[in-house]
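Just so it is clear, the model here is predicted, and its values are computed rather than measured. A note on names: the letters A, B, ... follow the listed sequences, proteins ahead of strands, and every chain is numbered from 1.
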Protein chains: 2
Amino acid sequence: MTITITAFQASPDRGRGLARDMHVRWALEEVGQPYDVRLVTFAEMKQPAHLARHPFGQIPTYEENGLTLFESGAIILHIAEHHPGLFPEEPDARARAIMWMFAALSTIEPVVVEFTTTLIFDRDRPWYADRLPVLQDRARTRLGQLAERLGDADWLDGEFSAGDLLVIDVLRRLASSGLLDEFPTVAAYVARGEARPAFQRAFADQLAVFTASQAAP
Amino acid sequence: MTITITAFQASPDRGRGLARDMHVRWALEEVGQPYDVRLVTFAEMKQPAHLARHPFGQIPTYEENGLTLFESGAIILHIAEHHPGLFPEEPDARARAIMWMFAALSTIEPVVVEFTTTLIFDRDRPWYADRLPVLQDRARTRLGQLAERLGDADWLDGEFSAGDLLVIDVLRRLASSGLLDEFPTVAAYVARGEARPAFQRAFADQLAVFTASQAAP
C-alpha cells in the first residue's frame, strides 16, 4: 500500500514549508505512514498528466491503491480516518476536529492568504496603501477570535487533532508578517505545533527537496 | 433528535439564498431531515451566546443532542455521514465527494468571493479598474478548469453528492456577474442543482425568512 504525494520540484517559498504538501507530510508523519514524493515543476503542473490528478493544476495530490485525491483537507481527512493519531474516537469530538479542519481552510486561510499575498506581491500596485490596512485588520480580527476560543488550552478541543494541524499550518503563513506577535497565546500554540517531532520530520523533508533543487546543475 | 441551525434574521443578500445557511438547508432537505431555525441579528452574532456556538461570529451553526458545530462544510459532512443521500457508499467515491466539498470551500469559493465582493462593494475605490480584471481572470481560470473536469457529465463524480451541493451553491454567487454565461456546461450544472426539489424547498424557506423580516413593523 504505497502512498505517493506530489510537491513542488522547487518551492516558491524557498523551503520555508508554506506550500500545502507540508500539511500532508505532517499528517503522514503524525500517523507514521511512509510515502513517496513525485516532484513537479510549474510547467508539469499545467500538463494533462498532472491535471488528471488535480483539475486545478496545484499540489499536493495523494495516490494510494488506485484512489487519487487532491485538496489537502480531504487528503488529511482520509489519512485520519484510516490511521489512529489525528482524530479523537468519541464521535462528537471527531465531528469538532473536522469542524476545525474546515475552519482552517475556509474561514482562517482565505483571510490570511489575502493579507500575506498583498503584503508580499502587491507593494507596487495602486491599491496597496488603501487595501493593506483593511486586510490586516481582518486577519487581526480572526486571530483575536481564535485567541478567545483557545484560551489557555494547549489545543483547540482536547487532544491534538487534524484540526489543530491545519489551523497551525495555515497560521504559519503569518510568521514573516509579525502579526502573530500581537497574540502571544496563538503564537505559542503555533510554536507547540512546530515543536512536535512529526512536524520537525516533515519540515526537514520538504526543506531537503528545496535544497536539492538549488544544488542541481 | 431535534436539529437547530442559525440563520440571518434579515439576510444582507435580500433573500437570494447566498448566505451559508442555504448550504445546510439544502443538505437537510436532500436527506429529508426537519430542522428548527434560530434567527440572529448582526448584533446578536457578536454576543457571547452566539460566540459560544461560533467563535468567528458567523452563521450557520448546527445543534443536535448536545453537539454544536459551525462551518457549513463540517455540518454537511456530519449530516451526510448520518443520513443516506449525500455520500456514495463505495469508500473511494465517498473520499472523492469529500474532496469536492473541500475544493468548493477552499479552492473555488475564495476566488469567487474575492471577485464578487470587489464587483459589488469596491466600485468607487480608486483601484477598482486596475484590480477587477485580475480577479475576474482568476475566477475565469477556475471555471475553465472546472468545465474541463465536468465535461458533459451531469455531476462531478457519478451520482449527485455533497460535493456537487457545495460546488454548485458556491458558484451561485456568480449569478449576477454574468461570468457563468461564458461556461455553458457549468451554468447548466448549476441550473441542474437549482432544479432539484430539495434545493427549491430550501430556497423557498430562506426567502420566507427574508420576506417576513421586511414585513415586520
Enquirer: Let me know if B/Ala52 has heavy atoms under 4.5 Å from chain A in its side chain, its backbone, both or neither.
Expert: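 Just the backbone, heavy atoms under 4.5 Å.
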Enquirer: For B/Ile75, is it the side chain, the backbone, both or neither that has a heavy atom under 4.5 Å from a heavy atom of chain A?
Expert: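 Neither; nothing under 4.5 Å.
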Enquirer: Can we call the ring centroids of B/Phe102 and A/Phe102 under 6.0 Å apart?
Expert: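 Yes, ring centres under 6.0 Å apart.
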Enquirer: Taking atom CG of A/Leu77 and atom CG of B/Leu77, what is their separation to the nearest 0.5 Å?
Expert: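 The CG atom of A/Leu77 sits 6.0 Å away from the CG atom of B/Leu77.
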Enquirer: Is it the backbone or the side chain of A/Pro55 that comes under 4.5 Å from a heavy atom of chain B, or both, or neither?
Expert: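 Both backbone and side chain.
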Enquirer: Only pairs of heavy atoms separated by less than 4.5 Å count here; which of B/Gly66, B/Gly144, B/Pro110, B/Ala103 has the most with chain A?
Expert: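 Sorted descending by pairs with chain A, the first entry is B/Ala103.
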Enquirer: Suppose we count any N or O donor within 3.5 Å of an acceptor, strictly below that value; which pairs fall between chain A and chain B?
Expert:
unit_1, atom_1, unit_2, atom_2, d
A/Leu51, O, B/Arg149, NH2, 3.2
A/Ala52, O, B/Arg149, NH2, 2.9
A/Phe56, O, B/Gln145, NE2, 3.3
A/Glu71, OE1, B/Ser106, OG, 3.1
A/Glu71, OE2, B/Thr107, OG1, 2.4
A/Glu81, OE1, B/Arg94, NH1, 3.3
A/Glu81, OE2, B/Arg94, NH2, 3.1
A/Arg94, NH1, B/Glu81, OE1, 3.3
A/Arg94, NH2, B/Glu81, OE2, 3.1
A/Ser106, OG, B/Glu71, OE1, 3.1
A/Thr107, OG1, B/Glu71, OE2, 2.4
A/Asp130, OD1, B/Arg125, NH1, 3.4
A/Asp130, OD2, B/Arg125, NH1, 2.8
A/Asp130, OD2, B/Trp127, NE1, 2.8
A/Gln145, NE2, B/Phe56, O, 3.3
A/Arg149, NH2, B/Leu51, O, 3.2
A/Arg149, NH2, B/Ala52, O, 2.9

